[in-house]
Novice: 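Right, I'll just put the structure down here and ask away after.
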Number of protein chains: 2
Amino acid sequence: MPPPRIRNRRATINDVAAAAGLSRGTVSRVVNGERYVSDGAKTAVEDAIARVGYVRNSAARNLVTRESRAIALIIHEPHSLLFEDPNIGSILLGANAVLSKADYQLVSLIIDSDRDSRRVADYLRGGLVDGAVIVSARASDPIASAVRDIGVPSAFVGHPPGTPDLPYVAIDNKGAARTITERLAGTGRQRIGMIASAMDRDSGYDRFTGFRDALGARFDASLVVEYPLYTYAAGIEGMQELLRRCPEIDGIFAASDAVAAGAMTVLQESGRRVPDDVGIVGFDDSSWALRTRPQLSTVKQPADSLGRTAAELVLAQIRGLPSVAQVLDTTVVWRDSA
Amino acid sequence: MPPPRIRNRRATINDVAAAAGLSRGTVSRVVNGERYVSDGAKTAVEDAIARVGYVRNSAARNLVTRESRAIALIIHEPHSLLFEDPNIGSILLGANAVLSKADYQLVSLIIDSDRDSRRVADYLRGGLVDGAVIVSARASDPIASAVRDIGVPSAFVGHPPGTPDLPYVAIDNKGAARTITERLAGTGRQRIGMIASAMDRDSGYDRFTGFRDALGARFDASLVVEYPLYTYAAGIEGMQELLRRCPEIDGIFAASDAVAAGAMTVLQESGRRVPDDVGIVGFDDSSWALRTRPQLSTVKQPADSLGRTAAELVLAQIRGLPSVAQVLDTTVVWRDSA
DNA sequence: ATATTCTCTGTGAACGCTCCCAGAGTAACC
DNA sequence: GGTTACTCTGGGAGCGTTCACAGAGAATAT
């Protein structure tokens with residue numbers, strides 16, 4: 001008959017109870033700050049906890065309470081964008097602020113492969129989180145349908161087509177694109193083009209349609225180029241291509257500030273003056289916008305609020321309250337590039 | 001006497017066993033892919049799982065196995081840096097790649113307040129992760145000592161002073177700074193200054209001392225300015241200050257590429273040509289370096305490998321293998337800014 | 001033919017916690 | 001002085017797993 005356990009066990013609630021000369025139940029009450037504990041018992045337990053070095057085992061607790069007090073934030077971005085997209089950081093911090101205040105732990109899970117996708121789905125299914133915020137899932141993203149199937153309270157940042165029934169928080173990309181395009185046209189530009197990006201996402205597609213609608217009859221499909229990602233590199237290539245197609249182009253709507261920054265570099269290297277020869281506007285009002293010379297006119301996207309609101313939507317569901325999709329306002333920030 | 005439970009319970013392993021006409025043990029064996037289960041039993045169980053919609057409860061599993069197969073990546077960055085520092089994304093993806101292959105889930109926890117700090121410590125203590133990678137903890141960071149006290153396998157990216165006994169992976173900031181400063185001096189510059197940042201971290205401090213050592217007797221403390229963060233804004237301010245102090249300055253070592261980009265903007269707006277009038281070098285070889293005109297000479301920091309190696313150090317500890325601190329190589333990338 | 005090994009299945013005993021109920025003691029009310 | 005309420009404590013039951021062991025039957029070796 002071997003000794004029951006050699007492993008140096010971590011202290012459990014029973015060890016604390018023994019050390020304090022009280023029962024498991026009382027220790028639990030102290031640990032959870034419940035009522036109906038005498039002062040003497042409380043200090044005895046706190047003493048014992050310190051003495052034996054007790055820390056609560058979350059797995060055991062979660063098992064019986066059926067909750068984890070953690071919310072996942074799932075980031076599904078193409079590799080390179082994780083570095084370039086400044087919105088993600090803001091969304092993350094916004095969500096964290098809300099959840100932190102509600103005493104929930106935000107855990108970020110990134111998906112960078114199919115394998116990750118499956119593992120993350122398992123993580124959600126296993127009950128390790130009470131809810132999930134999904135950032136920038138694209139159309140027909142497997143994680144989107146997995147989330148719905150699992151039935152965990154969730155909210156999307158952005159509105160991926162094909163998941164109509166799940167709560168989301170988004171901005172009116174189309175309306176904002178229309179507004180800024182109209183203002184760009186209002187500066188007297190005649191040949192206005194667009195460097196579109198990420199057309200497989202609502203954000204990219206809607207910015208394009210807003211642009212098209214704004215120009216109406218003046219829309220010229222040959223002045224639109226399209227790239228998969230919102231990157232500086234896309235701006236470089238896109239601008240080069242547009243100049244090749246139409247050297248007299250005098251207005252550019254770039255799908256994001258990073259794209260606009262790339263485009264501006266090409267414009268200036270080609271000897272064109274911004275905004276005198278060519279006007280250019282971006283989208284996001286990220287830190288990019290302040291780094292170009294001249295500074296960018298752009299659409300301010302409330303990334304922090306997107307994160308906050310998404311978190312609130314998830315919390316509402318957890319609490320059994322109704323939670324409806326929300327569209328947040330954007331504003332045009334008019335600087336010097338157009 | 002009310003019915004035992006109204007709540008629509010999720011299916012458990014027992015429900016599966018009943019549906020399959022087999023025992024709990026056999027179901028468990030199938031779920032975990034163990035040997036010694038007949039083909040008939042296997043398909044019967046798989047069938048039953050699909051029928052009742054069973055998913056394993058991770059809390060119960062973690063409780064008995066005493067592991068979670070998850071590793072935390074703790075990001076403790078000042079608010080604004082989460083957007084600007086491109087290294088973080090690479091570190092994250094590098095760590096994720098290694099852990100994913102080993103079938104561990106990476107969970108990122110961000111610390112943005114003292115409250116977060118405590119909650120994250122609780123999360124680690126609670127056994128919800130089997131290990132932790134800590135990114136960019138500063139000197140005397142409470143989370144650093146918490147990690148040591150908790151005794152969870154861990155590794156630091158970077159080497160915060162004051163935590164000598166924990167494994168870390170870092171680059172030789174001092175040596176790299178010395179090398180690139182020497183090469184900058186080798187281009188014939190006479191008045192070389194530095195825009196230092198983040199001196200409360202090993203990276204910032206070591207880059208400064210490397211710079212000082214490289215210049216030896218030619219080091220001039222009045223040509224060094226210091227800012228708390230590695231930002232574009234620090235580059236702007238720092239360069240303005242240096243030009244005020246010494247208009248004839250002709251060489252700049254910026255503590256990071258973002259800082260260098262800010263500095264270059266100021267230099268060019270002041271009418272100085274880079275590299276003809278002033279040579280400038282950065283640090284990181286981030287995407288910033290390719291965005292400036294001329295492109296930056298800089299030190300290539302293997303951010304992806306830092307993440308990978310840190311993850312490997314943690315896995316080694318979990319497996320009971322020795323894990324020792326590592327210093328990764330950097331290389332100088334010589335472009336056109338100096 | 002017997003002993004040995006291997007395959008397959010079932011079941012009790014944890015894992016460490018919270019929940020709930022019972023019960024003892026004390027205080028408050030009429 | 002008896003009912004009623006409130007405070008405090010202890011301990012059984014159960015959360016959903018895995019693990020270890022026992023044992024039955026089939027295959028292989030002696």
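Heavy atoms only: backbone and side chains are in, while hydrogens, waters and symmetry mates are out. Residue numbering restarts at 1 for every chain, and letters A, B, ... go by the order of the sequence lines.
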Novice: Relative to the 5' end of DNA chain C, which residue comes earlier, Arg24(B) or Leu63(B), by the nucleotide with the nearest heavy atom?
Specialist: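 Counting from the 5' end, the first nearest nucleotide belongs to Arg24(B).
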Novice: Step through the shown structure and confirm whether more than 12 heavy atoms of other residues, nucleotides or ligands are within 6.0 Å of CG on Asp103(A).
Specialist: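 Atom CG in Asp103(A) is packed in, count exceeds 12.
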Novice: Return yes if some donor-acceptor pair links the side-chain N/O of Arg115(B) with the main-chain N/O of Ser100(A) below 3.5 Å, else return no.
Specialist: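 It does hold such a pair.
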Novice: Determine, for nucleotides 21-27 of chain C in 5'-to-3' order, which nucleotides have protein heavy atoms under 4.0 Å from the base (write B), from only the sugar-phosphate (write S), or from neither (write -).
Specialist: -------
Novice: Using whole Å, what does the distance between atom C1' of nucleotide dC15(C) and atom CD1 of Ile13(A) come to?
Specialist: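 About 14 Å, once rounded to whole Å.
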Novice: End-to-end bend of the helix from dA1(C)-dT30(D) to dC29(C)-dG2(D) (five-pair axes, 10° rounding)?
Specialist: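 It works out to 40° between the end axes.
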Novice: State which residues pass side-chain contact (heavy atoms from CB on, under 4.5 Å) with Lys42(B); sequence neighbours excluded, sorted by chain then number.
Specialist: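 If we apply the side-chain contact (heavy atoms from CB on, under 4.5 Å) test to Lys42(B), skipping adjacent residues, the hits are Val30(B), Val37(B), Glu46(B).
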Novice: What is the distance, to the nearest angstrom, from the NZ atom on Lys42(B) to the P atom on dT9(C)?
Specialist: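 After rounding, the gap between these two atoms is 12 Å.
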Novice: Does Arg35(B) place a side-chain N or O at less than 4.0 Å from the phosphate oxygens OP1/OP2 of dC6(C)?
Specialist: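 For dC6(C), OP1/OP2 do not have a side-chain N/O of Arg35(B) under 4.0 Å.
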Novice: Heavy atoms under 4.0 Å, any strand shown: does Val30(A) hit a base, just sugar-phosphate, or nothing?
Specialist: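 No contact at all - Val30(A) keeps every heavy atom at 4.0 Å or more from the nucleic acid.
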Novice: Under 4.0 Å between any heavy atoms, over every strand shown, what does Ala59(B) touch: base, sugar-phosphate, or nothing? Just pick one.
Specialist: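 No contact at all - Ala59(B) keeps every heavy atom at 4.0 Å or more from the nucleic acid.
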Novice: Choose from dT18(C), dG11(D), dC15(D) the nucleotide whose nearest atom is closest to any side-chain atom of Arg66(A).
Specialist: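 Ranking dT18(C), dG11(D), dC15(D) by closest atom to the Arg66(A) side chain puts dC15(D) first.
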Novice: CD1 of Ile110(A) to CG of Leu93(B): how many Å apart, nearest 0.5 Å?
Specialist: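 If I round to the nearest 0.5 Å, the distance is 4.0 Å.
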Novice: Base, sugar-phosphate or nothing for Asn32(B)? Non-hydrogen atoms, less than 4.0 Å.
Specialist: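 It contacts sugar-phosphate atoms only.
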Novice: Between atom CZ in Arg10(B) and atom C1' in dG14(D), what is the gap in whole Å?
Specialist: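 Between C1' of dG14(D) and CZ of Arg10(B): 18 Å.
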Novice: We want to know whether Arg308(B) and Asn96(B) form a side-chain donor-acceptor pair, criterion being a heavy-atom distance below 3.5 angstrom.
Specialist: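 No.
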Novice: Donor-acceptor pair, distance only, cut-off 3.5 Å: does the side chain of Asp15(B) make one with the backbone of Thr12(B)?
Specialist: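 Yes; judged by distance alone, with no hydrogens or angles, the pair exists.
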Novice: Closest nucleotide of DNA chain C for Ser38(B) versus for Ala60(B): which of these residues is on the 5' side?
Specialist: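 So the residue in question is Ser38(B).
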Novice: Whole Å only: how far is the CG atom of Asn14(A) from the P atom of dG10(D)?
Specialist: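 So the two atoms are 13 Å apart, to the nearest Å.
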Novice: CG of Asn57(B) versus P of dC17(C): gap in Å, rounded?
Specialist: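 Atom-to-atom, Asn57(B) to dC17(C), this comes out as 16 Å.
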Novice: Before you tell me yes or no, could you show the steps for Asp122(B) and Arg119(B) under salt bridge (Lys or Arg N to Asp or Glu O under 4.0 Å), namely the whole-Å CA-CA distance, both residues' side-chain angles and the distance that decides it to 0.1 Å?
Specialist: CA-CA 5 Å; Asp122(B) 284 348; Arg119(B) 199 170 4 73; over 6 Å; no
Novice: Does any donor atom in the side chain of Ser90(A) or Asp304(A) lie under 3.5 Å from an acceptor atom in the other side chain?
Specialist: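 The answer is no; no qualifying pair exists.
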Novice: May I ask you to check whether Ser68(A) and Asn62(A) show a side-chain donor-acceptor distance below 3.5 Å?
Specialist: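 Side-chain D/A pair, Ser68(A) to Asn62(A): absent.
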Novice: Calculate the interatomic distance between Leu22(B) atom CG and dT7(C) atom P; express it in whole Å.
Specialist: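 Spelled out: CG on Leu22(B) to P on dT7(C) is 19 Å.
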Novice: Answer yes if the side chains of Arg125(B) and Asn57(A) hold a donor-acceptor pair under 3.5 Å, and no otherwise.
Specialist: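 Checked: Arg125(B)/Asn57(A) side chains show no N/O donor-acceptor pair below 3.5 Å.
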Novice: Please determine whether a side-chain nitrogen or oxygen atom of Tyr36(B) lies at a distance below 4.0 Å from atom OP1 or OP2 of dT7(C).
Specialist: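 For dT7(C), OP1/OP2 do have a side-chain N/O of Tyr36(B) under 4.0 Å.
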Novice: Measure from CD on Glu34(B) to C1' on dT17(D) and round the result to the nearest Å.
Specialist: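 Distance check: Glu34(B) CD to dT17(D) C1' gives 12 Å.
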Novice: In whole angstrom, what separates Leu128(B)'s CG from dC17(C)'s P?
Specialist: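 Checked: the CG to P distance equals 13 Å.
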